[in-house]
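Proteins come first, then strands; the chains are lettered A, B, ... in the order of their sequence lines, and each starts at number 1.
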Number of protein chains: 2
Amino acid sequence: MAGSTIYDVAAAASVSIKSVSRVLNGEPNVSEALKAKVGKAVEELGYRRSLSARGLAGSSSSVIAALVDAGMTIEHWRSGSGNDYLSRLELGVLMELRQVDYHLMVEMVDYASPTLSRDLAALLSSIRPEGVLLTPPNSDLTVVLDVLDASGVAYARLGAEHELDRGTLVSMDERQAARDMTEHLIALGHRRIGFIGGPAVYSASRLRLEGFMAAMQTHGLEVPDDCLAEGDFTFAAGVAGVKRLLGAERAPTAIFGACDDMALGAIQGAVAVGLRVPDDLSVAGFDDSPSAMFSNPTLTTIRQPVAEMAAAAVQRLTPPLRARLSQEDQTAAVVVPYRLVARASTAAPPPG
Amino acid sequence: MAGSTIYDVAAAASVSIKSVSRVLNGEPNVSEALKAKVGKAVEELGYRRSLSARGLAGSSSSVIAALVDAGMTIEHWRSGSGNDYLSRLELGVLMELRQVDYHLMVEMVDYASPTLSRDLAALLSSIRPEGVLLTPPNSDLTVVLDVLDASGVAYARLGAEHELDRGTLVSMDERQAARDMTEHLIALGHRRIGFIGGPAVYSASRLRLEGFMAAMQTHGLEVPDDCLAEGDFTFAAGVAGVKRLLGAERAPTAIFGACDDMALGAIQGAVAVGLRVPDDLSVAGFDDSPSAMFSNPTLTTIRQPVAEMAAAAVQRLTPPLRARLSQEDQTAAVVVPYRLVARASTAAPPPG
DNA sequence: CTGAAAGCGCTAACAC
DNA sequence: GTGTTAGCGCTTTCAG
């Protein structure tokens, strides 16, 4: 029942196994009659080629490995604050892969491991994936790229910023998005705006900060040091960040958090000291995590198109999907559009 | 670099490939000297056995397949409301698997597909996983279990309720948890409590409803029909649900949503008609999704131990991990403890 | 305690 | 157009 092989199919169709293989692989020079015979036999037996056997014999393993960051994932889970980055990523991947009989393997990688290079090499030589999907901060680690290059796998880098000639690039314009959000706050009338940044390992942290600074500068607005805080992308960091910013010499009327969790923390921190959001203080985030839409007030944020980026990456990583793309699309770096989602946490500054 | 094989290791250690295999598999009757030699060679070459080859040759594929529901996953993504069930599940799985060189494959399964049985059989015969992790509602579908049994794979069922003699069972006491939450509301002083239930395919929906009803009955409290609403686990359903319940002949002073998304929807729906939560209306949820802790007010809910359940399942699905468990633990159904998390969305009913 | 040989179910050269 | 023959890198008999 569970175990028909290519020989069974060949026998049922009275052809050679090579013919079966040819049909299954969509190779050229196959008669319609053959296709039909084989198709029928496959159908009747409910036959599927063994992933293991294909991986072993051929060059294609039909497996895409997604490397996700262990630290942040574990942290999110322990703190209970969760995060749907993973879900969104996988959804994007799975929606594409299901079309082509490829499969997803998820691996946690600890970028802080002293043996990262070895760990990764071991992983690759064991799995031999056909493509690797790199998420931040792994996308930007030279060690990681080196191992990948040495092993010869194709890989896509989500949100990479350095060494842009390596691998397939898929990202969104973080800098411009941060700039847009800052402009949004400025347009509302804010002049003193604080920023809570993320950890330096994440390229996005720097880009978002840059976007913020650029917009402020464009409008001739100053950003004193005490209007800048740094966090580690957690809710608690947002609480701490807002505390710092509100203690500034001239406290900001708006705060832009480099991620939703921190922005949400900022809201809570502000409410805790008696401020009303957005009446007394506007708060904006970045990511559009689910919590952003359920928080009170709902959070103005940037929708990071994680699933779309993952889908684009996978399309370029799997030969059958890649073939559907134009020559241009196959090689060019992909920049997926984002969206500013204005919700209730931002408004005009208080008249004071 | 990327391609050392068992032959390379054997050569480097001047032994036969079988000896290498024996050491790697921890088989008995191996001299310390041999172990050392092989270990050294493996170390130096950075050798890892090929997953494909092992899967093909042996009976063990070292792959655990997690079957997640396509419909709900896609829905969460489209609505942007997200959900961290998947992340939590995978975290639990990955933390266990990393100890034993097993790998996780994630597959989306559409339980509503007319060809579900075929789809699944095809998937299994292609992947040949060593264990399958079933999430609701797949855990409780006879068709699914039948295919699994026919293929002979070991499988674990998360939150299963029917046919409890099939597969490895891992769950939490949904009924009791719902009961606890209801008791919590009653203890606060509520007498008229409304309930927004989930879709019938999910066993949990029924169990939670039963728990609610049981607690109400114990206290001699009535539950008129118009205090019962049904939703599909989405935020929108919560909004609709609260609308219905507030329109009841004698409107409830507390609402218990069968999941956090619906409870959050209920809060928003209540706020929209001018009610204050929890002053005018208490709202409780179920799941403890990240949004629950960021919502305003923060949501009183039941912490569903998804990662822990997944970990327990994986421990029983992978032979090397299973071996560490006591005989008792290996066979008994696992019931993972939950926790009622009291937050700010519930309080005593208004004096009226 | 260790080794030689025979596949696992495919794909890939190479014939025909 | 189609079939034959080798392997891919392991685990498994079965010997010694």
Side-chain angles (χ1 to χ4, degrees), chain A residues 2-38 41-42 45-63 101 103 122 124-128 130 152 319-320, chain B residues 2-38 41-42 45-63 101 103 122 124-128 130 152 319-320:
Chain A
S4 51
T5 76
I6 197 171
Y7 286 95
D8 300 328
V9 176
S14 316
V15 296
S16 73
I17 60 164
K18 177 60 205 177
S19 290
V20 177
S21 177
R22 261 198 268 270
V23 173
L24 262 23
N25 288 315
E27 285 174 32
N29 301 333
V30 179
S31 70
E32 286 305 321
L34 216 190
K35 266 187 209 164
K37 270 196 299 188
V38 171
V42 165
L45 288 135
Y47 167 76
R48 291 300 275 246
R49 291 172 292 177
S50 148
L51 237 202
S52 300
R54 300 216 299 150
L56 183 55
S59 46
S60 142
S61 67
S62 299
V63 167
D101 195 31
H103 301 272
L124 293 177
S125 70
S126 156
I127 310 283
R128 285 175 211 282
E130 193 153 346
Chain B
S4 51
T5 75
I6 197 170
Y7 286 95
D8 301 327
V9 176
S14 314
V15 297
S16 72
I17 60 163
K18 176 61 208 178
S19 290
V20 177
S21 176
R22 261 197 268 267
V23 172
L24 263 23
N25 288 314
E27 287 176 30
N29 302 333
V30 180
S31 69
E32 285 306 320
L34 216 190
K35 266 188 209 164
K37 272 196 297 189
V38 171
V42 166
L45 287 141
Y47 167 75
R48 292 299 275 246
R49 291 173 291 179
S50 146
L51 238 201
S52 299
R54 301 217 300 148
L56 218 200
S59 46
S60 143
S61 68
S62 299
V63 167
D101 195 31
H103 300 272
L124 294 177
S125 69
S126 156
I127 311 282
R128 284 177 211 284
E130 193 154 345

Between side-chain atoms of residues 12-21 of chain A and protein atoms elsewhere (two or more places apart, or another chain), which donor-acceptor pairs fall under 3.5 Å?
residue, atom, partner, partner atom, Å
A:S16, OG, A:K18, N, 3.4
A:S16, OG, A:S19, N, 3.2
A:S16, OG, A:S19, OG, 3.4
A:S21, OG, A:N25, ND2, 3.2

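Protein chain A touches strand DNA chain C; the 5'-most and 3'-most nucleotides with an atom under 4.0 angstrom of its non-hydrogen atoms are C:dG9 to C:dA13.
When the C1' atoms of four end pairs are superposed on the next four at each end of the helix from C:dC1-D:dG16 to C:dC16-D:dG1, using five pairs per end, the two resulting axes differ in direction by 30°, to 10°.
Annotation: side chain to side chain contact (heavy atoms under 4.5 Å, CB included) contacts of A:L51 (sequence neighbours excluded): A:S62, A:V63, A:H103, B:M105, B:S126, B:I127. Remark: B:R48 engages B:D101 in a side-chain hydrogen bond (donor to acceptor under 3.5 Å, both in side chains) (not counting sequence neighbours).
Of all heavy-atom pairs between B:R128 and A:S50, the closest is NE-CB, 4.2 Å. Counting all heavy atoms, side chain and backbone alike, A:L45 lies closest to A:D8 at CD1-O, 4.1 Å.
Residues A:L24 and A:V42 meet the side-chain proximity criterion, which asks for heavy atoms closer than 4.5 Å.
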Per-nucleotide protein contact along nucleotides 8-16 of chain D, 5' to 3', at a 4.0 Å heavy-atom cut-off (B base, S sugar-phosphate only, - neither), is BBBBB----
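OP1 or OP2 of D:dG3 sits under 4.0 Å from a side-chain N or O of A:S19.
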